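The structure presented is a predicted model; accordingly, all values stated were derived computationally and were not measured. Computation of the quantities below employed the complete heavy-atom set of this structure, encompassing side-chain atoms and omitting hydrogens, waters and symmetry-equivalent molecules.
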Amino acid sequence: MSRMTTQPRAAAPAPFTVGFDLDMTLIDSRPGIRVTYEALAAETGVPIDAELAVGRLGPPLVQELREWFPEEDVPRVADRYRELYQDLAITGSLPMPGAREALAVVRELGGRSIVVTAKHGGNARLHLDHLALEPDALIGDLWAEQKAVALRDHGAGIYVGDHTGDVRGAHAAGALSVAVATGPCPADELRAAGADVVLAGLEDFPRWLRAHRARADEEAAASA
């Protein structure tokens, strides 16, 4: 009586995680932020150059507010800004070109996507829900090197952002820094900050990620 043998089943590839910044990486929040700053200026009587403020998005809100208000007023004004933001900023913001495709390609290739942003987590969630962008996790209120905590906790090997602070956060987490030149930092500045990959925008991300994962799979097969 012959004995049947079965070949061992190949192990499923380990999932990978890609982190994304929010403002000017996945969403263009400038219209809503501009309107919110204008409303805050009208309410407080403090002149705020809203155009200048939206031109340097990336750092936490309180850092920008310190440019316009005394330090002792910043916590109170920040709370009021966030209240106004929920009413004025969500519906005016748009997905960045390629945002949906960037999240989709991660899922298509068997990975997980997370959003790690300096924006207040509650407002970030409102944006994602309004635009029907569906990462696997959202972590807010983290800036620059602080983002490394969330990236490490979720095992992210890639972090995609538009600011030099995002480059620093990726490196602090030991992740590959993929920068998109769609925010306040031009491509040369992102390269000088140490970005491992610089793309013109998220439209280029699916092609890059497919090639990156194919190389990773080849290297894994060669070392098996």
Side-chain angles (χ1 to χ4, degrees), residues 19-97 99 103 114-135 137-151 159-169 172 179-186 189 202:
F20 291 90
D21 178 47
L22 187 64
D23 289 334
M24 303 313 299
T25 298
L26 285 176
I27 70 169
D28 184 352
S29 51
R30 291 173 299 182
I33 290 175
R34 184 183 295 109
V35 169
T36 304
Y37 275 123
E38 290 170 351
L40 186 67
E43 183 176 293
T44 62
V46 175
I48 299 173
D49 187 335
E51 199 63 36
L52 177 60
V54 300
R56 53 191 183 198
L57 295 180
L61 169 65
V62 294
Q63 184 169 318
E64 181 63 40
L65 292 178
R66 288 187 182 112
E67 300 291 330
W68 313 104
F69 294 90
E71 182 65 33
E72 61 270 20
D73 292 343
V74 167
R76 173 182 56 80
V77 175
D79 287 343
R80 181 54 181 154
Y81 173 96
R82 292 183 180 114
E83 291 172 355
L84 292 167
Y85 192 96
Q86 292 182 9
D87 294 330
L88 301 175
I90 305 303
T91 58
S93 298
L94 301 169
M96 294 294 287
L103 294 175
I114 64 172
V115 170
V116 185
T117 174
K119 188 180 292 296
H120 176 64
N123 286 343
R125 171 51 62 192
L126 291 174
H127 275 298
L128 293 173
D129 290 347
H130 176 70
L131 296 173
L133 296 173
E134 299 179 352
L138 164 65
I139 306 94
D141 301 291
L142 296 176
W143 161 241
E145 288 84 356
Q146 296 171 343
K147 294 185 175 187
V149 176
L151 294 172
Y159 185 58
V160 186
D162 64 278
H163 198 282
T164 55
D166 298 324
V167 176
R168 301 201 310 271
V180 287
T182 51
C185 302
E189 187 175 346
L202 283 181

Pairs flagged by ring-ring contact (aromatic ring centres under 6.0 Å, His included) wherever residues 53-72 is involved - sequence neighbours left out: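 Matches after skipping sequence neighbours: none remain.
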ring-ring contact (aromatic ring centres under 6.0 Å, His included) contacts touching residues 30-67 (sequence neighbours left out):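 Non-adjacent pairs meeting ring-ring contact (aromatic ring centres under 6.0 Å, His included): Y37-Y81.
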So, taking the atom named [atom1] in [X] and the one named [atom2] in [Y], what distance separates them when rounded to the nearest 0.5 Å?
X    : Y    : atom1 : atom2 : value
H130 : L128 : NE2   : CG    : 11.5 Å
D23  : L57  : CG    : CG    : 6.0 Å
D21  : L26  : CG    : CG    : 7.5 Å
K119 : L138 : NZ    : CG    : 11.0 Å
R125 : I90  : CZ    : CD1   : 11.5 Å
R30  : L94  : CZ    : CG    : 9.5 Å

Taking all atoms of both residues into account, what is the closest heavy-atom pair of [X] and [Y], and its distance?
X    : Y    : result
I114 : A150 : CD1-O, 4.4 Å
G121 : D141 : N-OD2, 3.3 Å
A89  : H127 : O-CE1, 3.7 Å
A118 : G58  : CB-O, 3.6 Å

Contacts of V62 that satisfy side chain to side chain contact (heavy atoms under 4.5 Å, CB included) - sequence neighbours left out: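 With sequence neighbours excluded, V62 shows a side chain to side chain contact (heavy atoms under 4.5 Å, CB included) to P60, R66, V74, A78, given in chain and number order.
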Report yes if the side chains of [X] and [Y] come closer than 4.5 Å at any heavy-atom pair, otherwise no.
X    : Y    : value
L133 : V115 : no
L84  : V35  : no
V160 : L202 : yes
L65  : L40  : yes
L61  : H120 : no

Pair T182-D162, side-chain donor/acceptor within less than 3.5 Å: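 Note: T182 and D162 side chains miss the donor-acceptor criterion.
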Of all pairs that satisfy side-chain hydrogen bond (donor to acceptor under 3.5 Å, both in side chains), the ones with a partner from residues 86-97, not counting sequence neighbours: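 Every pair satisfying side-chain hydrogen bond (donor to acceptor under 3.5 Å, both in side chains) with a residue in residues 86-97: Q86-N123.
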V46/V77 under side-chain contact (heavy atoms from CB on, under 4.5 Å): CA gap, chis, key distance, verdict: CA-CA 11 Å; V46 175; V77 175; over 6 Å; no
Intermediate values then yes/no, salt bridge (Lys or Arg N to Asp or Glu O under 4.0 Å), D79 and R76: CA-CA 5 Å; D79 287 343; R76 173 182 56 80; over 6 Å; no
Worked check of side-chain contact (heavy atoms from CB on, under 4.5 Å) between I33 and Y85: CA-CA 7 Å; I33 290 175; Y85 192 96; 3.6 Å; yes
ring-ring contact (aromatic ring centres under 6.0 Å, His included) involving W143 - partner list, sequence neighbours excluded: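 Residues passing ring-ring contact (aromatic ring centres under 6.0 Å, His included) with W143: H163.
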For E43, all residues meeting salt bridge (Lys or Arg N to Asp or Glu O under 4.0 Å), sequence neighbours excluded: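 E43 satisfies salt bridge (Lys or Arg N to Asp or Glu O under 4.0 Å) with R80 once adjacent residues are dropped.
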